[in-house]
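Report on one structure; see the data block that follows.
Just so you know, ligand 1 is whichever comes first in the structure, and atom 1 is the first atom listed for that ligand.
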Amino acid sequence: MKDLILATHNPHKAEELKAMLPQFNVKTLADLKMMDDIPETAPDLEGNSFIKATTIFEKFGGIVVADDSGLEVNALSGAPGVHSARYAGKPRNDTRNTEKLLHALLNKTNRNAQFRTVITLMSAKETRQFEGIVKGTINTQPKGADGFGYDPVFTPEGYDKTFAEISQHKKNSISHRANAIKRLVAFLNEHPTFC
Ligand code: IMP
């Protein structure tokens with residue numbers, strides 16, 4: 001079974017991907033004892049996803065998968081976008097980020113937004129990127145206790161509950177990450193010689 005390195009410190013992302021890629025032995029940065037922070041200096045999700053993949057590929061080689069995600073709000077010209085994690089400044093704080101977002105949207109009638117993920121797949125042969133999106137709207141106040149980040153203020157299209165109110169199992173099947181991972185998995189299944 002081939003190794004696939006997932007360029008993340010997040011064990012939940014690793015579990016999500018492991019379950020969808022039974023043909024690979026998925027390793028995380030923790031498994032490789034790589035605890036350094038990878039700088040996220042690019043102006044967009046594509047760039048940061050690429051930086052993460054490149055950093056790990058140059059160190060370990062093999063097959064690398066990296067991702068970067070953010071919330072893009074129409075009335076804010078796509079903000080917080082690539083700055084989602086630290087929208088309200090350092091250190092990262094989900095509650096302050098959400099408050100800043102709700103404040104920026106006060107009096108805005110257009111509440112449309114989307115979560116977007118860009119996954120980078122890198123091997124010696126080729127580099128590919130896969131996008132995943134989930135569209136929705138931003139509530140006027142937080143609802144629900146599950147999830148993380150902007151989940152309590154994001155209601156996905158077709159639902160009347162926020163990401164923090166629906167089950168995590170359901171969220172993980174419709175999320176931006178899930179949509180990007182499905183595209184990655186479809187590509188790997190269609191191109192078994194890619195790696
Ligand atoms: P990451 O690239 O997955 O670490 O995501 C960057 C930031 O985007 C997070 O720190 C959150 O603020 C936000 N974000 C990404 N995905 C989600 C999600 O599924 N729910 C809520 N917030 C998210």
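- Side-chain contact of N25 with D3: a donor-acceptor pair under 3.5 Å is present, judged by distance alone.
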Problem set entry | Test log, rule side-chain contact (heavy atoms from CB on, under 4.5 Å), inputs F130 and N179 | CA-CA 9 Å; F130 305 88; N179 291 333; over 6 Å; no

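- Considering only non-hydrogen protein atoms, atom 23 (C) of ligand 1 sits nearest to F115 CE2, 3.5 Å.
- Ranking the protein heavy atoms by distance from atom 16 (N) of ligand 1 puts H176 NE2, 3.0 Å first.
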For this session: Show your reasoning for whether salt bridge (charged side-chain N to carboxylate O under 4.0 Å, His left out) applies to R116 and E46.
Result: CA-CA 10 Å; R116 194 163 75 89; E46 283 76 3; 2.8 Å; yes

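- Near K13, meaning under 4.0 Å from one of its heavy atoms, ligand 1 places the atoms 1 (P), 3 (O), 4 (O).
- In terms of polar-atom proximity, defined here as any N/O pair under 3.5 Å, K171 does make such a contact with ligand 1.
- When S69, S175, A164 are ranked by how near their heavy atoms come to atom 15 (C) of ligand 1, first place goes to S69.
- Side-chain contact of T117 with D67: a donor-acceptor pair under 3.5 Å is absent, judged by distance alone.
- Compare Y150, F148, Y87 by their heavy atoms: the one nearest to atom 17 (C) of ligand 1 is in F148.
- Which parts of ligand 1 touch G149 is read off a 4.0 Å heavy-atom cut-off, strictly below it: atoms 21 (C), 22 (N).
- Closest to atom 20 (N) of ligand 1, if we only count protein heavy atoms, is D151 OD1, 2.6 Å.
- One finds a salt bridge joining E126 and R128 here, because a Lys/Arg side-chain nitrogen approaches an Asp/Glu carboxylate oxygen to under 4.0 Å.
- Checking only distances, K52 never comes within under 3.5 Å of ligand 1, N or O to N or O.
- The distance from ligand 1 to the heavy atoms of R92 drops below 4.0 Å at these ligand atoms: 10 (O).
- For Y87 and H83, the ring centers are positioned 6.0 Å apart or more.
- Not a single heavy atom of N97 sits under 4.0 Å from any atom of ligand 1.
- The protein atom (non-hydrogen) at minimum distance from atom 8 (O) of ligand 1 is S84 CB, 3.4 Å.
- A donor-acceptor pair is defined here as one N or O able to donate and one able to accept, closer than 3.5 Å; such a pair exists between the side chain of T162 and the backbone of K143.
- Ligand 1 has an N or O atom lying under 3.5 Å from an N or O atom of D68, backbone or side chain.
- For the pair K2 and F24, the cation-pi criterion (under 6.0 Å, within 45° of the ring axis) is not fulfilled.
- Taking the six-membered ring where the residue is Trp, Y150 and F115 present tilted rings, their angle falling between 30° and 60°.
- Using a 4.0 angstrom heavy-atom cutoff, F163 does not count as in contact with ligand 1.
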